[in-house]
Asks: 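Could you have a look at this structure, given as structure tokens, before my questions?
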Protein chains: 2
Amino acid sequence: MNLPKHVTIKEVGPRDGLQNEKEEIKTEDKIEWINQLSRTGLSYIEITSFVHPKWIPQLKDAIDVAKSIKREKGLTYAALVPNMKGLEGALEADVDEVSIFMSASESHNKKNINKSIDETYPILKEVVDEAKGSNKTVRGYLSTVFGCPYDGAVDEQQVIDICKRLFDMGIDELSLGDTIGVANPIQVRNFLSLIENEFPKDQIALHFHDTRGMALANTLVSLEKGYYMFDGSVGGLGGCPYAKGASGNVATDDLVYMLHDMGIETGIKLDHLLKAGDFIQQKINNPLPSKQMNIFQKTS
Amino acid sequence: MNLPKHVTIKEVGPRDGLQNEKEEIKTEDKIEWINQLSRTGLSYIEITSFVHPKWIPQLKDAIDVAKSIKREKGLTYAALVPNMKGLEGALEADVDEVSIFMSASESHNKKNINKSIDETYPILKEVVDEAKGSNKTVRGYLSTVFGCPYDGAVDEQQVIDICKRLFDMGIDELSLGDTIGVANPIQVRNFLSLIENEFPKDQIALHFHDTRGMALANTLVSLEKGYYMFDGSVGGLGGCPYAKGASGNVATDDLVYMLHDMGIETGIKLDHLLKAGDFIQQKINNPLPSKQMNIFQKTS
């Protein structure tokens with residue numbers, strides 16, 4: 001196996017994780033937690049989302065969190081923004097990077113953004129232009145790339161067309177999401193074979209969910225295809241919004257354990273990561289679902 | 001990827017799963033459960049262990065279970081036997097196949113069997129001879145192939161030597177166990193590359209534990225190497241004896257889901273399997289850890 005020697009992990013727990021937790025977390029605890037994550041060796045943390053509190057009340061303190069965390073040198077702090085209003089907040093808080101998002105399937109896009117895919121482009125374009133004009137890098141998230149909870153299978157050519165539209169807008173990186181955790185390793189390998197000559201590998205991240213236990217197998221085939229950027233959520237925080245109680249984001253710690261065990265560097269200290277996982281686990285008052293947190297709990 | 005079109009799954013839940021559950025299960029419930037499993041399309045079930053009740057009280061009703069289940073045609077019913085005494089019971093119950101076991105690491109073998117590896121061979125040899133003389137097929141289990149909870153790393157050449165000794169005894173099949181779930185995909189691929197010219201693939205099964213979430217990734221690399229026999233425990237029943245509460249055997253249902261989704265046949269009906277998982281889940285009075293059981297719970 002000819003695998004990358006170094007992998008970059010993008011921690012999305014404080015945004016993608018917390019937005020799916022029902023327990024209300026105090027702003028000061030979020031700040032302390034992100035500060036802990038900043039000292040694990042992570043090079044990227046998505047710290048919050050500047051979305052209207054009506055939609056995601058869990059992250060209504062976005063501006064306070066973004067302004068109050070202690071920023072470590074060399075670490076990129078990003079925030080999700082759905083529109084110009086959200087971008088204002090992100091710029092006011094001076095995050096390093098903003099993330100925009102849409103879905104690869106019509107029904108999921110409509111449920112999530114209340115717009116058709118075609119109606120979504122101009123909204124995102126405005127945000128990207130303004131963000132780039134303010135010297136921010138922009139990350140795109142494309143959801144339901146490997147399957148949709150409403151539409152089922154998603155046409156691969158449609159996905160590629162949307163990716164192109166997003167890159168044409170000027171985004172710097174695109175994170176391809178298996179939003180409901182249905183991708184299997186053959187599907188992932190086939191899809192990556194389709195796109196590897198379309199988009200540079202240093203602009204594509206894989207965002208796997210572990211809902212059906214295949215996230216690490218999917219990571220493995222992605223590594224074999226030469227991809228080296230992966231999203232994760234500490235401890236698997238957040239769960240699956242489509243099957244409450246089931247797993248969502250692949251756990252950063254499970255990802256890090258496997259990569260290190262295979263001799264691939266991440267720059268992350270697993271023990272520090274697990275301690276940060278334990279901190280937020282106590283705040284949400286629920287055991288986190290990851291394997292590593294599970295072992296940490298039983299043996300520490 | 002050039003993968004096998006058909007995979008044979010060997011269900012070890014009634015033995016390997018139940019022996020690690022603390023809840024006492026009524027004999028009649030075990031029988032009903034195995035009868036349910038027999039109707040899922042499984043071709044192999046390890047139904048119990050004829051080990052002294054002092055060591056595994058959970059399976060003290062081995063003879064009753066083995067004699068009372070309804071045996072389906074074409075399905076192999078196996079039982080674990082540690083020694084001649086155990087074999088007597090298995091022969092009396094007329095199981096189709098007996099399984100013997102030892103470890104690839106000295107410390108684990110000593111803790112488990114109370115003998116050194118060298119002292120173990122003659123005991124197993126006697127069992128194999130007698131079983132073969134009684135026209136039974138014999139399966140070997142080799143534990144701690146990819147790592148030992150006491151000795152750490154296990155020398156690959158030592159593992160291969162033990163495999164050879166076991167095949168020389170006349171066993172029909174050998175199941176290679178990642179007893180503590182530490183194997184990573186590179187390690188598995190390297191090890192399989194070492195043994196593929198030593199032993200025929202139709203005599204080697206892989207027995208992965210999902211303690212660190214890598215079981216399906218390890219299954220994938222095994223499939224890529226052309227191996228097509230895997231052990232599993234419905235719902236992940238049993239957990240990890242070395243980190244209570246953590247996962248043990250890979251869940252048969254998670255395995256089946258991934259294989260079917262990749263277009264690989266198993267002959268197993270996943271919905272029937274999940275119903276059988278739900279039955280035993282209620283008896284052990286604890287949610288089973290598998291992803292599929294989790295989704296089944298949340299959506300049914």
Side-chain angles (χ1 to χ4, degrees), chain A residues 1-3 146-147 149 180-190 193 209-224 236 239-240 242-247 250-251 253-264 287 289-300, chain B residues 1-3 146-147 149 180-190 193 209-224 236 239-240 242-247 250-251 253-264 287 289-300:
Chain A
M1 283 193 262
N2 197 5
L3 306 179
F146 299 96
I180 53 171
V182 289
N184 73 56
I186 291 183
Q187 187 186 3
V188 171
R189 175 169 290 195
N190 289 346
S193 296
H209 279 213
D210 203 30
T211 315
R212 286 161 187 81
M214 296 185 285
L216 293 185
N218 289 334
T219 301
L220 181 70
V221 297
S222 306
L223 292 166
E224 287 174 340
C240 175
Y242 302 96
K244 286 287 172 208
S247 303
V250 66
D253 35 314
D254 288 341
L255 203 48
V256 167
Y257 178 90
M258 181 178 84
L259 292 167
H260 289 188
D261 207 48
M262 297 197 305
I264 297 172
S290 80
K291 302 288 185 182
Q292 287 299 319
M293 281 305 301
N294 213 288
I295 294 171
F296 177 83
Q297 286 295 105
K298 310 297 170 188
T299 54
S300 67
Chain B
M1 282 193 263
N2 197 5
L3 306 179
F146 299 96
I180 52 172
V182 290
N184 74 56
I186 291 183
Q187 187 187 3
V188 171
R189 175 168 291 195
N190 290 345
S193 296
H209 279 214
D210 203 30
T211 316
R212 286 159 188 83
M214 297 184 285
L216 292 185
N218 290 334
T219 301
L220 181 69
V221 296
S222 306
L223 292 167
E224 287 173 341
C240 174
Y242 303 95
K244 286 288 173 207
S247 304
V250 65
D253 35 315
D254 288 342
L255 203 48
V256 166
Y257 179 90
M258 181 178 83
L259 293 167
H260 289 187
D261 207 48
M262 297 197 305
I264 297 171
S290 80
K291 302 287 186 184
Q292 287 300 318
M293 280 306 301
N294 213 288
I295 294 170
F296 177 83
Q297 285 296 104
K298 310 298 170 189
T299 54
S300 67

Asks: Looking at every heavy atom in both A:Ser247 and B:Lys291, which two are closest together, and how far apart are they?
Replies: OG-NZ, 2.6 Å

Asks: With A:Asp254, which residues qualify under side chain to side chain donor-acceptor pair (under 3.5 Å), at least two apart?
Replies: none

Asks: By a 4.5 Å heavy-atom criterion (distance strictly below it), what part of B:Asn190 contacts chain A: side chain, backbone, both, or neither?
Replies: neither

Asks: With a 4.5 angstrom heavy-atom cut-off, is it the side chain or the backbone of A:Val250 that approaches chain B, or both, or neither?
Replies: neither

Asks: Any idea which of A:Ile186, A:Asp253, A:Asn294, A:Leu3 has the most non-hydrogen atom pairs under 4.5 angstrom with chain B?
Replies: A:Ile186

Asks: Roughly how far apart are B:Met214 CE and A:Asp261 CG, rounded to 0.5 Å?
Replies: 5.0 Å

Asks: Please look at A:Leu216 and chain B and tell me whether the side chain, the backbone, both or neither of the residue comes under 4.5 angstrom of a heavy atom of that chain.
Replies: both

Asks: I'd like to know which of A:Arg189, A:Met258, A:Glu224 tops the heavy-atom pair count under 4.5 Å against chain B.
Replies: A:Arg189

